[in-house]
There are 2 protein chains.
Amino acid sequence: MPKHPTIVDVARLAGVSTATVGRVINGQDDIVREKTRRRVLEAISQLGYERNSVAGSLRTDRTCMIALSIPDITNPFWPEVARGVQDTLEAHDYTVVTVNSDWDAARELRYLKMVRRNRFDGLIINPTDANLTDFHSMGIPIVILGSEEGYPNYDSVGSATTQAVQEALEYLYRLGHRRIGLIAGRSRRRRSTNRYHPYVDFLARKQLRLDEALIVHSEFSLQAGASAMRELLSLREPPSAVFAANDIIAIGAMQTAQAMGWRIPEQLSIIGMDNVYAAATTSPPLTTIAKPKYEIGVRAADMLLARLGGDDSPARHIQLACTLIERGSTAAPGC
Amino acid sequence: MPKHPTIVDVARLAGVSTATVGRVINGQDDIVREKTRRRVLEAISQLGYERNSVAGSLRTDRTCMIALSIPDITNPFWPEVARGVQDTLEAHDYTVVTVNSDWDAARELRYLKMVRRNRFDGLIINPTDANLTDFHSMGIPIVILGSEEGYPNYDSVGSATTQAVQEALEYLYRLGHRRIGLIAGRSRRRRSTNRYHPYVDFLARKQLRLDEALIVHSEFSLQAGASAMRELLSLREPPSAVFAANDIIAIGAMQTAQAMGWRIPEQLSIIGMDNVYAAATTSPPLTTIAKPKYEIGVRAADMLLARLGGDDSPARHIQLACTLIERGSTAAPGC
DNA sequence: CATCAAAATGAGAACGTTCTCATTGGAGTG
DNA sequence: CACTCCAATGAGAACGTTCTCATTTTGATG
């Protein structure tokens with residue numbers, strides 16, 4: 001493979017200086033004669049010249065590359081978020097490097113170092129453990145995916161989880177359910193209050209008695225959801241409906257209830273959250289609260305683009321509304 | 001944010017030349033005195049110096065970055081492949097940029113240009129339309145994901161689809177099915193022969209009559225699978241089992257059969273291919289042929305690493321074996 | 001023609017690292 | 001001590017682009 005032609009080669013062939021070639025390839029047409037410009041473009045075409053971004057980046061201290069750090073691309077929630085980020089940033093000629101933290105702090109820190117070493121222009125991150133000091137040392141714009149808790153001075157985009165929980169519970173209440181179980185998630189970063197408190201508030205508002213036995217804390221997996229459901233269905237007075245912290249938990253819970261002989265939704269209603277692909281393909285299909293995954297990605301990328309463009313206004317925190325998706329896993333009790 | 005310290009700063013503080021600093025940070029400990037090395041490391045620590053990969057890349061003509069081009073990260077098949085590539089290459093200090101071709105030739109070409117412009121070291125690609133000329137002009141090692149057809153001189157990794165089809169059909173045959181429908185996919189790149197020919201060969205081997213009405217060609221979506229199943233079930237003599245080109249088609253087909261009142265698997269058995277996440281969460285769970293997605297990614301990355309390491313042996317084509325995953329969508333006919 | 005001002009172009013330093021070849025330092029030997 | 005040899009270190013060019021400031025060219029005017 002022959003060496004790539006450089007602007008020195010182009011300049012020689014076109015009979016101009018490298019500064020003039022630079023002006024042409026960077027679109028400074030207002031200060032280059034049309035005749036000169038044409039000579040340069042002809043030389044570029046003849047040589048098959050293509051700009052070397054590495055060299056440009058060294059000079060300008062801009063790589064036009066950003067990193068997206070998510071927990072795991074194989075988790076069904078994240079591909080759409082990633083896709084929103086990629087589409088938006090690529091449309092502005094940025095290149096996106098996607099990395100997987102696996103909820104591991106040391107791994108995340110290694111990625112932060114990689115971002116610094118490569119002089120990436122920005123970072124979009126669903127943090128595992130990174131703290132303010134880590135972020136400050138990056139010296140680049142950062143946008144948080146998810147809750148802004150702990151990062152008040154950084155832009156963040158998440159979903160309006162409190163509103164979503166209320167909506168799910170209100171839906172079940174309107175169907176007639178009064179004894180509603182909660183399979184709450186266990187977040188690495190937070191005390192798992194984002195579904196618990198809205199649940200408690202809801203009960204208070206409807207003047208329903210809080211029964212702590214109806215609340216089970218669970219990891220975010222099929223198996224953990226299954227285990228939590230077994231616990232709920234072993235109660236002296238099982239719930240007539242269950243709201244699960246996400247679809248994966250809900251699917252595991254639903255499959256277990258069915259395996260135990262419970263008819264869904266006639267005997268027991270189930271609602272999840274996220275609207276991952278598999279939620280639509282269960283039987284019955286899962287009623288769920290859809291998080292706007294792609295939109296979260298798009299908005300995060302928009303915010304980062306604003307920062308990269310020089311915006312230094314105070315940090316913004318966006319909570320995108322979720323949508324109730326009625327499918328077949330919910331019905332009035334005793335249907 | 002203050003300017004990043006450079007090796008010039010380190011050299012000054014340590015009282016050595018930049019060449020010595022370079023030797024230390026690149027691990028050439030055999031030719032640097034321990035005393036000198038310690039002075040350099042102390043200066044590095046004091047200044048918080050971190051290597052600038054951009055500058056190093058310009059000098060060495062190696063970026064330690066590679067691109068992975070897949071059709072769409074939100075398609076449930078691809079995240080695991082991507083994960084296999086990422087894990088393997090990152091373990092060797094490469095950074096992976098994942099891009100989505102969306103089966104669009106112009107888009108793919110734009111990404112190839114991006115790879116060249118950024119001087120990436122290699123490319124792993126499930127091609128949409130890229131041809132040999134496009135690949136040759138990249139001047140870097142390339143590994144094909146999927147069939148090697150059309151790219152005999154490039155390394156490739158795919159799954160042994162012929163063996164997989166035979167295995168699925170053999171399984172249905174052993175269950176007692178004699179009238180087996182085929183919902184064949186429609187590939188952009190190939191004549192969709194990779195499931196059709198093994199199907200025909202299988203029938204010949206079992207001395208079963210070939211009935212072309214039992215073969216429907218379909219796009220790779222839920223809706224297309226649904227439509228194909230309606231066609232098969234409208235036959236005068238419907239099949240007792242259906243083999244679908246992938247899980248998404250199979251799920252759409254199964255849901256449609258159920259909606260039409262067919263009991264799965266008692267009246268109709270269904271097998272898919274891929275073992276995507278949703279296949280395990282349908283009801284009944286889908287019997288499928290699992291493609292080793294993560295392993296495909298790992299092997300592709302291994303091959304690329306070998307090329308990056310100087311291996312110039314003839315191209316290799318690997319077809320990884322698939323695995324039958326028995327779940328609840330298949331049974332003996334008339335069960 | 002000469003002069004002036006604005007537009008067009010050129011020269012070369014800068015970016016931060018790596019590498020090659022020259023130079024220096026240190027140890028061993030007579 | 002002087003000499004030799006090898007290891008350790010240094011000087012500076014190279015990589016390919018961008019940008020700043022100097023120089024040249026061009027067109028208008030008197």
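Chain identifiers are assigned alphabetically (A, B, ...) following the order of the sequence lines, protein sequences preceding nucleic acid strands; residue numbering begins at 1 within each chain. Bear in mind the structure is a predicted one, so any value in this text is a computation, not a measurement.
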Next on the checklist: Taking any heavy-atom pair under 4.0 Å as a contact, classify B:S57: base, sugar-phosphate, or nothing.
Outcome noted: nothing
From CG of B:D61 across to P of D:dT17 the rounded distance in Å is 11 Å
Contact check, residues 22-35 of chain A vs DNA chain C, heavy-atom distance under 4.0 Å, returns A:R23, A:D30, A:I31, A:V32, A:R33
If each end axis of the helix from C:dC1-D:dG30 to C:dG30-D:dC1 is fitted on five C1' pair positions, the angle between them, to 10 degrees, is 60°
Of A:T18 and A:R37, the one whose nearest nucleotide on DNA chain C sits closer to the 5' end is A:R37
Among C:dT18, C:dG16, D:dT18, the one nearest any side-chain atom of B:T6 is C:dG16
Is any NZ, NE, NH1 or NH2 atom of the basic residue among A:D87 and B:R107 found under 4.0 Å from an Asp or Glu carboxylate oxygen of the other?
yes
When B:T36 and A:P5 are each assigned the nearest nucleotide of DNA chain D, the 5'-most assignment goes to B:T36
The side chain to side chain contact (heavy atoms under 4.5 Å, CB included) partners of B:R33 (sequence neighbours excluded) come to B:T36
Here the distance between atom C1' of D:dT17 and atom CG of B:N118, to the nearest Å, is 14 Å
Taking D:dC15, D:dG12, C:dT17 as options, the one with an atom nearest any side-chain atom of B:A19 is D:dG12
Look at the side chain of A:R59 against the base of D:dT17 and say whether a donor-acceptor pair falls under 3.5 Å; ignore hydrogens and angles.
-> no
Subject >> Lys/Arg N to Asp/Glu carboxylate O, B:E80 vs B:R83, below 4.0 Å >> reply: no
Whole-Å distance, B:I7 CD1 to D:dA11 C1', equals 13 Å
Salt bridge check, B:E42 against B:R38: does any charged N sit closer than 4.0 Å to a carboxylate O?
no
* Asked: How is A:V54 classified with respect to the nucleic acid when contacts are heavy atoms under 4.0 Å: base, sugar-phosphate, or nothing?
  -> nothing
